[in-house]
2 protein chains.
Amino acid sequence: MIRVVILGSGNLASHLSLAFKTSNKVELLQIYGRSKESLKNIDNQVDRFTNLDDLVDADVYIIAISDDHIAEFSAALPLQNKLVVHTSGAVSCSDLDDNNRKGVFYPLQSFTKNAPLNFTEIPICIEAEDNQDLVLLEQLAAAVSEQVYFINSKQRKHLHLAAVFVNNFVNHLYTVGHQICTNEVLPFEILKPLIRETARKLDDMPPRAAQTGPAKRKDQKTMDGHKTMLSKDMKELYQLLSKSIQATHGKEL
Amino acid sequence: MIRVVILGSGNLASHLSLAFKTSNKVELLQIYGRSKESLKNIDNQVDRFTNLDDLVDADVYIIAISDDHIAEFSAALPLQNKLVVHTSGAVSCSDLDDNNRKGVFYPLQSFTKNAPLNFTEIPICIEAEDNQDLVLLEQLAAAVSEQVYFINSKQRKHLHLAAVFVNNFVNHLYTVGHQICTNEVLPFEILKPLIRETARKLDDMPPRAAQTGPAKRKDQKTMDGHKTMLSKDMKELYQLLSKSIQATHGKEL
């Protein structure tokens, strides 16, 4: 059994704790939160604590707090030469405090409160400065997920950036589509099969090969018509995305 | 049996012909193409023809050609007072020629060659100037799809615009994510569960409620870090999308 302590009480900590509990290879010892209030949404069958002096001995300490506080928090841990990992896509492994052995355990998914997830399908990107630690993290990741990747800090930062494009920015475009529907009293449901198919098609071909639409085929008349329906801000977005599509696919025409 | 003629031989015509053939309520009489060459990818069990003088009598004539040629093509049809519909999201019903009764049969999906589709899940947006024609189009649409919507020309143009955002633009962001991965020798596979979950989450909540990421939470440090990794063009895209997210969610903070 890999003995684990989770340090944090947000969405990721909550999802991680549920995933670890389903594995017979992981013993989740404790979950830390800044306050009792912060721990109220965390599974109460695990030892929850708010004073770092109460930390018990474990194989891995997983920091699952916001990026900005990881370095400072890791320096405040009353531990020496333990394996301490963070869960962030954007923070370097080396940003962790030198008092302990450093590693990263980054599940690449968007965690929303109350949206249950099948952790086995979530890619977990791991990194460690020590080889034995990397082996342990691999075992821990494999205990909850079928997709484990060895990713260094530089790669992970780019991966996080790519995730912003395919998740945060994509979701914003869904929001724009939703708003257009609402304005015209159209049900957003109409767009869902198209949205699903756009994502599914990636299993058949790379996104570059799946590109369609007026920008790709330089259909200026349709693009001009679209722009007349958009507010100033949305028109700017439409123009830049269309320009970017044409810059990407220009050589193909 | 609703007797149908398809006028066109592209991806949509091909997918439509396959869908009609699976229904016992539709009799697909003919498929027209400009040339024998253009018809070579079309099901050869249906009567294929290249001379409009060979048009037979049918209940519905479905024009499935590129937007720019719909008006001109409809005027050239040797028909009088027949129901002639087009399949475009961006063209008005009234753009069809006055010689015949006008309608629209718009399947809202992105049709790619050789990517098989389950037509039953594709929303079909119908419109007709005559009420009886609308009833017929509803029967025809219901014969191949479980989702039929009555959408007027103004709504349909906005729907088409929304589809550009959630399909064409979203796919372009997938392409950007793919490119970032390729540059860092990262497998694009890593991002697929996130992409699927981003689309799936729309079944649980509206996209506005699902928004996460550095722009939403005004995490300037992470955004600055991301921008250092991007080319000039991609940085511009990143900035405008982040600005748009903040404009949309600004009031919530």
Side-chain angles (χ1 to χ4, degrees), chain A residues 67 90 108-110 112 115 121-123 149 155 158-159 161-178 180-181 184 186 190-199 201-202 204 206-208 210-213 215 222 225-226 229 233 236-237 240-241 244-245 247-248, chain B residues 67 90 108-110 112 115 121-123 149 155 158-159 161-178 180-181 184 186 190-199 201-202 204 206-208 210-213 215 222 225-226 229 233 236-237 240-241 244-245 247-248:
Chain A
D67 290 7
L108 182 59
Q109 190 50 275
S110 169
T112 308
E121 291 167 7
I122 296 175
Y149 293 92
Q155 285 178 311
H158 283 85
L159 191 59
L161 172 61
V164 166
F165 276 91
V166 304
N167 167 245
N168 302 153
F169 290 166
V170 160
N171 186 72
H172 183 58
L173 297 183
Y174 294 161
T175 305
V176 174
H178 189 281
I180 292 170
C181 285
E184 294 297 316
L186 287 159
I190 290 194
L191 291 173
K192 285 189 183 174
L194 179 63
I195 286 172
R196 280 194 291 267
E197 175 65 8
T198 307
K201 210 175 266 181
L202 298 175
D204 295 343
R208 192 186 177 101
Q211 189 65 50
T212 57
T222 298
H226 281 165
M229 293 185 262
D233 288 353
E236 202 182 349
L237 202 54
L240 191 61
L241 282 159
S244 182
I245 287 173
T248 301
Chain B
D67 289 8
L108 182 59
Q109 188 52 272
S110 169
T112 308
E121 291 167 8
I122 297 176
Y149 294 91
Q155 286 178 310
H158 283 86
L159 191 59
L161 171 61
V164 166
F165 276 92
V166 305
N167 167 246
N168 302 155
F169 290 168
V170 160
N171 186 71
H172 183 58
L173 296 184
Y174 294 161
T175 305
V176 174
H178 190 281
I180 292 170
C181 286
E184 295 297 316
L186 287 159
I190 287 196
L191 291 173
K192 286 189 182 172
L194 179 63
I195 286 172
R196 280 193 290 266
E197 174 65 10
T198 306
K201 210 175 265 181
L202 298 175
D204 295 343
R208 193 187 176 99
Q211 190 65 50
T212 57
T222 298
H226 281 165
M229 292 184 263
D233 288 353
E236 201 182 351
L237 202 54
L240 190 61
L241 281 160
S244 182
I245 288 173
T248 301

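Letters A, B, ... are given to chains in the order of the sequence lines, protein chains preceding strands, and every chain is numbered from 1.
- To the nearest 0.5 Å, the span separating CG on A:Leu202 from CD1 on B:Ile195 amounts to 5.0 Å.
- Of the listed residues B:Ala90, B:Gly225, B:Pro206, B:Ala210, the one with more heavy-atom pairs under 4.5 angstrom with chain A than any other is B:Ala210.
- By the side-chain hydrogen bond (donor to acceptor under 3.5 Å, both in side chains) test, B:Glu184 is found to be paired with A:Lys154, A:His158, residues two or more places apart in sequence or in another chain being considered.
- For the atom pair A:Tyr174 OH and B:Gln211 CD, the distance stands at 11.5 Å (nearest 0.5 Å).
- Taken from CD1 in A:Ile190 to CD in B:Gln155, the straight-line distance is 8.0 Å, to the nearest 0.5 Å.
- Applying the side-chain hydrogen bond (donor to acceptor under 3.5 Å, both in side chains) rule to B:His172 yields the partners A:Ser244; only residues at least two apart in sequence or on another chain are considered.
- Using a 4.5 Å cut-off between heavy atoms, A:Glu121 touches chain B through its backbone atoms (N, CA, C, O) alone.
- Using a 4.5 Å heavy-atom threshold, the side chains of A:Ser110 and B:Leu194 count as touching.
- For chain B, the nearby parts of A:Val170 are the backbone and the side chain; heavy atoms of each come within less than 4.5 Å.
- A:Tyr149 touches chain B through its side chain: at least one heavy atom from C-beta onward sits under 4.5 Å away, while N, CA, C and O do not.
- Heavy atoms of A:Asp67 lying under 4.5 Å from chain B belong exclusively to its side chain.
- Heavy-atom pairs under 4.5 Å with chain B peak, among A:Thr198, A:Thr175, A:Leu191, A:Leu161, at A:Leu161.
- Between A:Asn168 and B:Leu241 the shortest side-chain heavy-atom distance does not fall below 4.5 Å.
- Proximity to chain A (any heavy atom under 4.5 Å) is shown, for B:Val166, by both the backbone and the side chain.
- Taking B:Pro193, B:Gly177, B:Gly213 one by one and counting their heavy-atom pairs under 4.5 Å with chain A, the maximum is reached by B:Pro193.
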| When you look at B:Ile245 and A:Phe169, which way does the side-chain contact (heavy atoms from CB on, under 4.5 Å) test go after all the steps? | CA-CA 8 Å; B:Ile245 288 173; A:Phe169 290 166; 3.7 Å; yes

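- Each of A:Ile180, A:Asn171, A:Leu173 has some count of heavy-atom pairs under 4.5 Å with chain B, and the biggest count is that of A:Asn171.
- Contacts of B:His178 with chain A are made by side-chain atoms alone, with heavy-atom separations under 4.5 Å and no backbone atom involved.
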